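Here's the structure we're looking at; comments come further down.
Along the sequence shown, residues carry numbers from 1. All figures in this text were calculated on a predicted structure; none of them were measured in a lab.
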Amino acid sequence: MKLLHDFKHENRWAQVTQCGDDYVVQGFINQVYQGSRTIRGHSEAYAEDCAENYVFGIWDFEND
């Protein structure tokens with residue numbers, strides 16, 4: 001996996017990594033791992049938007 005981006009807002013943090021043709025968004029709250037979402041068939045920008053939405057509280061892993 002290759003780390004591409006980190007996104008932070010208040011107590012939330014997300015990383016976007018690339019694994020082959022897929023992207024993975026990993027989320028944390030107060031430095032505690034919450035889960036990951038694999039993004040397939042979309043662009044890096046889409047994965048970045050997903051990570052930004054997570055750190056701003058638009059979605060959570062428990063809602064998946």
Query raised in the report: Of the non-hydrogen atoms in Gly35 and Phe61, which two are nearest, and what is the gap between them?
Result: O-CZ, 3.2 Å
**Report entry** Parallel, tilted or perpendicular, as decided by the 30° and 60° cut-offs, for the rings of Phe7 and His5
**Finding:** tilted
Requested in this report: Describe, in one word, how the ring planes of Phe56 and His9 are oriented to each other, choosing from parallel (under 30°), tilted (30 to 60°) and perpendicular (over 60°).
Outcome: tilted
Is it possible for you to say whether [X] and [Y] belong to one hydrophobic cluster, with membership spreading through side-chain heavy-atom contacts below 4.5 Å?
X     : Y     : answer
Ile39 : Trp13 : no
Trp59 : Val16 : yes
Tyr46 : Val25 : yes

Query raised in the report: In a check of side chain to side chain contact (heavy atoms under 4.5 Å, CB included) between Tyr54 and each of Gln26, Gln34, Arg37, which one passes?
Result: Gln34
Requested in this report: Output all residues satisfying salt bridge (Lys or Arg N to Asp or Glu O under 4.0 Å) with Asp22, sequence neighbours left out; order by chain, then residue number.
Outcome: Arg40
Out of curiosity, [X] [atom1] to [Y] [atom2], how far, rounded to the nearest 0.5 Å?
X     : Y     : atom1 : atom2 : result
Cys19 : Lys2  : SG    : NZ    : 12.5 Å
Gln15 : Lys8  : CD    : NZ    : 8.5 Å
Asn30 : Glu10 : CG    : CD    : 10.5 Å

Query raised in the report: Taking it one step at a time, do Glu44 and Tyr23 satisfy side chain to side chain contact (heavy atoms under 4.5 Å, CB included)?
Result: CA-CA 7 Å; Glu44 182 177 338; Tyr23 299 96; 3.6 Å; yes
